[in-house]
Amino acid sequence: MNNLLEVKVRYDHRKRGNSPIFVNLKKDGETTVQKLQKLQENLRTIIRYYESTPKYLKGYLIDVNYNDIIAKSKRISELLRPGGKQTNDVVVGARFSNASDGRENHIITYYVDEETIKNTLEKLDVTKRFLVEKLDGKAVPENFNESTEKKPDLDYETYSSKKIIRNIIVDCSVVESVSIPNVTADIQRESFLLTFFQTEYSLSEMLEELKIDQYRYPYAFYGRDTISVSWDLYRILQDKVPYMISMISSDLSQVTLETIDKSKQKYEQNIPRPLNEPTIGVIDNLFDEGVYFAEWVENTDYLDEFEFIDGRDVSRDHGTEVTSIIVDGPSLNPWLDDGCGRFKVRHFGVCVNRISVPRLVNKIRKIVNDNPDIHVWNLSLGTDDEISKNFISYDGSALDELQANKNIIFVVAGTNDNRNKKEGILRVGSPADSLNAVVVNSVKRNGLPASYTRQGTVLSFFNKPDVSYYGGDYEESERIRACSSKDIEEVYGTSFASPWIARKLSFLIDIMGFPREVAKALIIDSAAGWEFKISTYRIQSQIGYGIVPIKISDILKSDNKEIRFVLYGTASSYITSNYSIPVPRDSDNKYPFIARAALCYFPQCSRAQGVDYTSRELSLRFGRVNRRGEIDDINENIQDEAGHAVDERKSRKEFRKWENTKFISKVLKKNRALNSYDERLWGISIVSKERLTTSMTSNLNFGVVVTLREINGVNRIQDFITACTLRGWIVNEINLENKLTLYNKNQEEIILE
């Protein structure tokens with residue numbers, strides 16, 4: 001077996017060029033006078049509506065209903081453009097239309113003033129006249145090629161600015177209609193959460209303006225734009241300001257624990273005293289301090305006075321069982337011995353049986369802030385309700401915010417389908433829609449999804465769950481052994497799959513010393529392997545990128561015919577790249593390799609932006625450097641190449657645009673050596689794009705795992721190490737045993753006489 005390599009390369013950083021961007025109609029796009037008239041009628045209807053209702057805002061909230069999934073660069077630029085700003089500056093929300101999967105279109109909400117709408121109406125008038133007099137009432141792509149634009153009969157200046165007319169025509173080609181926001185949801189709870197579009201008014205100011213009596217209609221704030229409401233209060237708000245409601249979501253969370261007849265085992269477990277093992281944080285229901293491994297657990301019943309009263313004589317099984325797997329899972333389940341040893345746990349019992357989402361979020365934030373030394377957190381709590389198709393849950397977004405701002409990673413259970421009668425597969429419940437977290441689903445021993453499996457995706461295309469692991473199933477032969485308050489019991493559920501991944505991540509981060517971005521990429525890559533693009537992808541909505549190997553050594557080592565190395569870096573400019581990776585060549589001066597790569601990063605996210613949730617995109621390209629000095633990407637990613645137009649729907653589906661985990665792979669039907677293009681090397685390129693601005697606002701760390709497989713079975717790892725060293729790069733060979741020895745030495749206490 002070859003050891004994993006850590007290669008410290010030097011990156012080039014390039015800013016984005018200032019080349020002009022010429023907008024044009026899509027190949028099959030068109031804009032007609034009738035379309036312009038329809039949009040004018042829509043805008044006048046909107047003005048009449050707002051003029052006929054009590055004025056609670058200075059401006060107007062307007063939905064632009066696009067006819068496709070739209071890229072940031074293809075959004076409207078002239079329609080609804082405010083003076084001195086760009087239209088992207090006044091975006092306050094985004095969601096998808098109510099269409100079947102794969103046919104959704106964008107609905108983006110803008111907040112503009114009355115003057116902007118009037119200016120838009122005037123621009124539409126001018127453009128309408130231009131179309132009638134110069135283009136027979138319809139513009140098509142051919143009207144905008146270079147030769148046509150130079151014709152003297154297209155006299156733009158007679159009408160208005162050439163740029164304004166062109167932009168209006170292109171904008172109208174991608175817009176179906178404009179309308180007043182009207183968000184609804186099928187909520188069965190007595191109380192739920194309402195989120196409002198962000199305007200110049202705070203939510204408290206708006207409620208005061210509406211004269212809402214908080215004693216008669218109780219509500220509570222959860223952040224600056226979200227409150228909990230009853231049905232009575234919701235009806236009032238829906239009547240007075242329906243256009244201000246951007247999201248409606250459930251606010252009740254419960255432990256995803258099956259009610260099952262547990263098979264009890266004799267309670268005869270022994271365990272040594274803890275020494276210098278790393279600590280994992282567990283946020284769950286209560287822990288029983290009478291169990292055999294209690295010395296390994298620092299327990300806090302994180303309850304307020306009223307919760308303590310409810311929690312006197314309740315079951316502490318679920319939290320105890322989850323923690324038992326983290327501490328001593330391999331002893332309880334020898335067939336799942338991962339080689340990671342034991343872990344200490346800092347356990348926070350935040351609930352008895354169920355807890356409201358806002359209360360849970362407040363507790364998680366305080367717990368994480370008060371425990372900065374913990375890097376890995378396990379969360380095996382979740383809702384029965386399905387996640388929304390149009391926004392990330394309140395608790396999921398809270399986890400993403402914490403992970404974007406702190407050096408931590410959450411491992412979240414994928415939630416269970418607890419229905420007695422199952423019709424179809426449920427989408428996962430929150431917070432299993434957290435994009436920065438590692439979300440874990442459960443599989444049987446044969447690798448098939450467990451009977452209670454729920455599925456992604458999230459926001460139509462984000463690949464959740466991330467991975468799967470063995471969490472037991474209904475049959476007793478499938479179950480996982482865990483320690484409850486009084487017995488060793490056989491259990492099942494995603495709650496008992498996620499702790500195993502928390503163990504592996506803590507081992508990689510706390511013992512092996514990898515950054516969390518690299519650790520997550522190693523987990524993703526080891527689960528996907530070479531099989532993902534061949535077979536696993538067919539059920540990725542249920543098992544993610546695949547099943548993580550049991551042995552930690554299988555994550556840190558590879559076959560003798562493979563070279564597997566990790567790269568770590570920071571995206572601080574538009575392009576971060578290295579075009580001199582010295583992949584070994586054979587005697588024919590060719591590259592006898594197939595390749596795969598996984599990229600992970602933790603971006604800032606904005607729940608207020610709805611389906612356009614992630615604020616930063618890192619696009620990955622890896623492969624040979626060709627004669628043009630460009631990378632022949634193994635995933636054929638052309639979305640950032642000059643002259644190549646890829647629509648947003650395709651970019652998201654094929655290149656995972658905006659997703660914070662990328663996995664690319666090149667598996668040839670007939671394995672053959674690749675040309676070296678005049679002995680050129682291989683390269684990696686990370687292209688960084690912001691959602692709403694054009695410049696980088698902050699640095700963003702990333703981790704990449706690259707695997708090269710020699711098609712003839714030759715072990716060429718030493719050639720690779722030598723070539724990297726000759727370039728002045730530092731190459732660390734990750735020896736598992738040496739790392740463990742070094743960790744133990746570093747954790748020894750030195751007593752000074």
Side-chain angles (χ1 to χ4, degrees), residues 253 256 280-284 322 326 348 350 357 360-361 363-365 367-368 371 374-383 387 391-415 427-442 454-459 462-469 471 494-495 497-506 508-509 515-524 527 540 543-545 548 598-607 613-616 658-663 701-703:
S253 178
T256 55
I280 295 173
V282 172
I283 299 173
D284 212 285
V322 168
I326 291 178
F348 297 89
V350 296
V357 165
L360 174 63
V361 167
K363 289 188 177 187
I364 290 174
R365 284 182 174 141
I367 289 168
V368 169
N371 294 271
I374 294 180
H375 302 119
V376 179
W377 292 89
N378 187 89
L379 185 62
S380 290
L381 302 176
T383 60
I387 56 170
F391 54 84
I392 295 295
S393 64
Y394 182 76
D395 40 340
S397 66
L399 298 187
D400 286 334
E401 179 186 0
L402 286 168
Q403 290 169 103
N405 296 323
K406 298 181 178 295
N407 184 28
I408 61 171
I409 186 167
F410 275 91
V411 184
V412 178
T415 65
R427 294 194 306 278
V428 296
S430 71
D433 55 348
S434 166
L435 298 190
N436 282 331
V438 175
V439 177
V440 186
N441 256 13
S442 183
R454 297 169 74 165
Q455 67 179 352
T457 53
V458 170
L459 300 184
F462 287 102
N463 193 29
K464 291 288 172 178
D466 293 276
V467 295
S468 289
Y469 204 71
T494 55
S495 291
S498 63
W500 297 99
I501 304 303
R503 288 169 52 85
K504 288 177 168 61
L505 280 168
S506 180
L508 294 171
I509 294 170
R516 61 178 179 155
E517 293 81 5
V518 171
K520 183 177 178 180
L522 282 167
I523 292 292
I524 297 292
Q540 66 177 347
I543 70 168
Y545 285 101
V548 180
L599 164 74
C600 289
Y601 57 99
F602 293 77
Q604 295 285 348
C605 302
S606 174
R607 186 170 184 260
Y613 178 65
T614 49
S615 301
R616 187 85 167 267
W658 298 113
E659 186 164 5
N660 57 340
T661 296
K662 305 285 195 303
F663 179 81
N701 297 331
F702 62 84

Original post:
Do you see a donor-acceptor pair shorter than 3.5 Å between the side chains of T494 and N441?
Top reply: no

**OP:** Starting from the C-alpha separation in whole Å, work towards a yes-or-no answer on side chain to side chain contact (heavy atoms under 4.5 Å, CB included) for N371 and F348.
**Re:** CA-CA 11 Å; N371 294 271; F348 297 89; 3.4 Å; yes

Heavy-atom donor-acceptor pair, [X] side chain to [Y] backbone, under 3.5 Å:
X    : Y    : result
R454 : R427 : yes
D466 : V439 : yes
D433 : V458 : no
Q540 : N463 : no
K363 : V350 : yes
R516 : Q403 : yes

Side-chain heavy atoms of [X] within contact of [Y], under 4.5 Å:
X    : Y    : value
K406 : V368 : yes
I364 : L379 : yes
D400 : Y613 : yes
V357 : V361 : yes
I280 : V411 : no
I409 : H375 : no

Which heavy atom in [X] sits nearest to a heavy atom in [Y], and how many Å separate them?
X    : Y    : answer
Q604 : N405 : NE2-OD1, 2.6 Å
S397 : I392 : N-CG2, 3.6 Å
S380 : S498 : OG-OG, 3.0 Å
R607 : Y394 : NE-N, 3.6 Å
G382 : T415 : CA-CG2, 4.0 Å
N436 : P603 : OD1-CD, 3.1 Å

Reported [atom1]-to-[atom2] distance for the pair [X] and [Y], which is rounded to 0.5 angstrom:
X    : Y    : atom1 : atom2 : answer
W658 : L459 : CH2   : CG    : 13.5 Å
F702 : C600 : CZ    : SG    : 12.0 Å
T614 : L435 : OG1   : CG    : 7.0 Å
S430 : I387 : OG    : CD1   : 8.5 Å
T661 : E517 : OG1   : CD    : 11.0 Å
F410 : I283 : CZ    : CD1   : 5.0 Å

**OP:** For the pair N660 and Y601, evaluate side chain to side chain contact (heavy atoms under 4.5 Å, CB included) and give the outcome as yes or no after the intermediate values.
**Re:** CA-CA 6 Å; N660 57 340; Y601 57 99; 4.0 Å; yes

**OP:** Any chance you could lay out the salt bridge (Lys or Arg N to Asp or Glu O under 4.0 Å) test for R365 and E401, step after step, and finish with the verdict?
**Re:** CA-CA 10 Å; R365 284 182 174 141; E401 179 186 0; 3.3 Å; yes

**OP:** Evaluate side chain to side chain contact (heavy atoms under 4.5 Å, CB included) for K464 paired with V428, printing each intermediate quantity in order.
**Re:** CA-CA 9 Å; K464 291 288 172 178; V428 296; 5.5 Å; no

